[in-house]
2 protein chains.
Amino acid sequence: MDEQGKKPEWSPEECDAEFTTRVIGHGPHGRGSNGDNSDEAKRRPTSGPQRQVRPRELTVDQYVRGVLDGDRSILARAITLVESNSTEHQEMAQQVLRQLLPHTGRAIRVGITGPPGAGKSTFIETLGCRLVDQGKQVAVLAIDPSSSLTRGSILGDKTRMERLSRSAACFIRPSPSGGTLGGVARKSRETMLVCEAAGFEVVLVETIGVGQNEYAVRSMVDFFLLLTIPGAGDELQGIKRGVMELADAVAVNKADGDNKVKAETARGELAYALHYLAPVTEGWHPGAFACSAATGEGIDELWDVIEGFRSQTEASGVFEKRRKSQTLSWVHMMIEDYLKSLFFNHPEVAAALPQIEKSVVNGELPTVAAVESLLKLFKK
Amino acid sequence: MDEQGKKPEWSPEECDAEFTTRVIGHGPHGRGSNGDNSDEAKRRPTSGPQRQVRPRELTVDQYVRGVLDGDRSILARAITLVESNSTEHQEMAQQVLRQLLPHTGRAIRVGITGPPGAGKSTFIETLGCRLVDQGKQVAVLAIDPSSSLTRGSILGDKTRMERLSRSAACFIRPSPSGGTLGGVARKSRETMLVCEAAGFEVVLVETIGVGQNEYAVRSMVDFFLLLTIPGAGDELQGIKRGVMELADAVAVNKADGDNKVKAETARGELAYALHYLAPVTEGWHPGAFACSAATGEGIDELWDVIEGFRSQTEASGVFEKRRKSQTLSWVHMMIEDYLKSLFFNHPEVAAALPQIEKSVVNGELPTVAAVESLLKLFKK
């Protein structure tokens, strides 16, 4: 550690040399020059002469200016800041976000979900490349709130999204790892905002893993697409309960070659089933479509549907209304998360809970009495 | 007020004569003799010589013994105690419930929902009478968490459920009025337990009003029935979003006369749509049925389905597993309700919330920063 280093403004008062920084110039040694490929930077062996080289720390203003200028290197670092679990980084991240906020909101946010094997990555690769070819800047984010560690699924994806990941107009970011206060979903939401401030016009959010992530993604996007695969009847039950009701469109992927007829049948059945579900977006009737990420067939048409959705809901005011209510519900979700962790981590509550729950389940204690005794412990 | 009255054990220490009681004998003057018709008791003019007559107060043991003996008069009063918003009554109610709990759980709990006009009351009347004819004891409860006042819908129902309400083996209870700690749904759940302890073998819970009551009812019953009416295509969209996914069966009512063909078509379409929804009860595939509450056609068959559901899920352990998880989730729901009211009723939070929410919605304040400032106020 360089003892002549300077402590950055955001370092905690009681901290020691671990927060000092060395000002180093732009160049091949700074981590900042590694572009968005911070994973590679992390994997670089730490032995050898480069060991002492630490990335230049940025100020809030530098982060803000860099992101607004579309500097990929600073964008990647800003996202790392947003994703950091350290209190100091989180505080700085909030200052950065506050300044970026006026520059956010212009992208169309599209969530993409589907059962394993539906071909989400190939679909995103094909769609993303087409959008880039149209001159659009595309950010791809992954969200996996069920994982407390980066499972790296999107790293696998990055290999599959070979062409897209090489494109200068595209930015692919894996799922952040666990944290507090709203957790992974909160981080993904803020990452999305940072990308918007950096000028990305399309944000594709891919759901990864199992659990409640469809709801988390639905609550941060404008348009939610359910991707599925052709299969006779029962195979379609692979679609998780409740997910079809969240979708603004369902697309049967892999509608190519021998699959084409099966895909069309599946599409018809899904269209029929959608008929029974009230639309998730006011005034918009979700349709069922067929496409092939492999051949590209139907992909442009699907994007036209998304564009049409945007025009229609912007005109009706539903677009803006949903965004506002999404923002508010994020505030409420985070507060609820906090309150629950406050309660269930309370030492006396945590100690008494297993026995009380057991008594309730065994029918020895009425639920209200159980709640009252827990509240008594909490209020102590 | 009788100044020689005795204060009951459960009266608050600081209370005055308003809690004294007069011990009066069983007989036509005691409110306890009014059976379950406490509404009538309330409506009785309070002028005249009867004005001084107050119901004999019961002890916890008297409540418990009366309910277990199936005494209708005491059952009605026990439910009134459970529904009371007074802290003292609630404490006593919990003592009563604690003793009743070992005698609960033997009934089959059936929730019934459906759009207005689906004929829920007629259906319950017909089904209830058949069950009573089979020698079963039937309790009918209504739940309407959206109402803070007894809207009296089930009073209208009671007129429509004319035959059933006259039956000695049947007990009909309107929706309780508002309250705290889990509110109306909590009260309905405890009323259900009291009815079970009194020996009722079937509890039919009817959803009334709009809002989230389907979820509240689903979380307290074993079997959830969605009642609907025949109509071409779009009319079926009257079914609220998400409700079909909660159902263990869908029944098309009014399948009689000219409606019969339409009802059969609707049944077929619903069966098809159900095919796409993962079952809400593990291992049980929800079916679509047609019936007529007016002619009675299909009602016995529908009950057979419910009986079959019970045997199958009891054998597989799903029945017991769901009841246990329902009980636990009630505890958690009540705790969350409490925490939220604690937070949002905090004077400083309540004062600052509107401005903070406005700043968030207008994009001036990041959501995390908003949450943090609210938490700071809360922790003060």
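Quick caveat: nothing in here was measured; it's all calculated off a predicted structure. Within every chain, numbering begins at 1; the chains are lettered A, B, ... in the order of the sequence lines, protein sequences first and strands thereafter.
More than 12 heavy atoms of other residues, nucleotides or ligands shown are found within 6.0 angstrom of CD on A:E364.
Contacts of B:L374 with chain A are made by side-chain atoms alone, with heavy-atom separations under 4.5 Å and no backbone atom involved. Proximity to chain A (any heavy atom under 4.5 Å) is shown, for B:K358, by neither the backbone nor the side chain. Both the backbone and the side chain of A:E357 come within contact range of chain B, each with at least one heavy atom under 4.5 Å from a heavy atom of that chain.
In terms of the side chain to side chain contact (heavy atoms under 4.5 Å, CB included) criterion, residue partners of A:A78 (sequence neighbours excluded) are, by chain and number, A:Y63, A:V67, A:V194. Taking A:E320 as the reference, nothing meets the side chain to side chain donor-acceptor pair (under 3.5 Å) condition, with sequence neighbours excluded.
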When you look at B:E190 and A:V368, which way does the side chain to side chain contact (heavy atoms under 4.5 Å, CB included) test go after all the steps? CA-CA 9 Å; B:E190 294 183 340; A:V368 171; 2.9 Å; yes
Going through the checks in order, is the side chain to side chain contact (heavy atoms under 4.5 Å, CB included) test met by A:L375 and B:Y338? CA-CA 9 Å; A:L375 294 185; B:Y338 164 81; 3.2 Å; yes
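Note on A:Q326, A:K379, A:R323: by heavy-atom pairs under 4.5 Å with chain B, the leading option is A:K379.
One distance of note links CG of A:L365 with OG1 of B:T327; it measures 11.0 Å at 0.5 Å rounding.
Of residues 339-355 of chain B, those residues lying under 4.5 Å from chain A by any heavy-atom pair are B:L339, B:K340, B:L342, B:F343, B:F344. Interface with chain B: from residues 94-101 of chain A, residues A:Q94, A:L97, A:R98, A:L101 qualify, criterion being any non-hydrogen pair under 4.5 Å.
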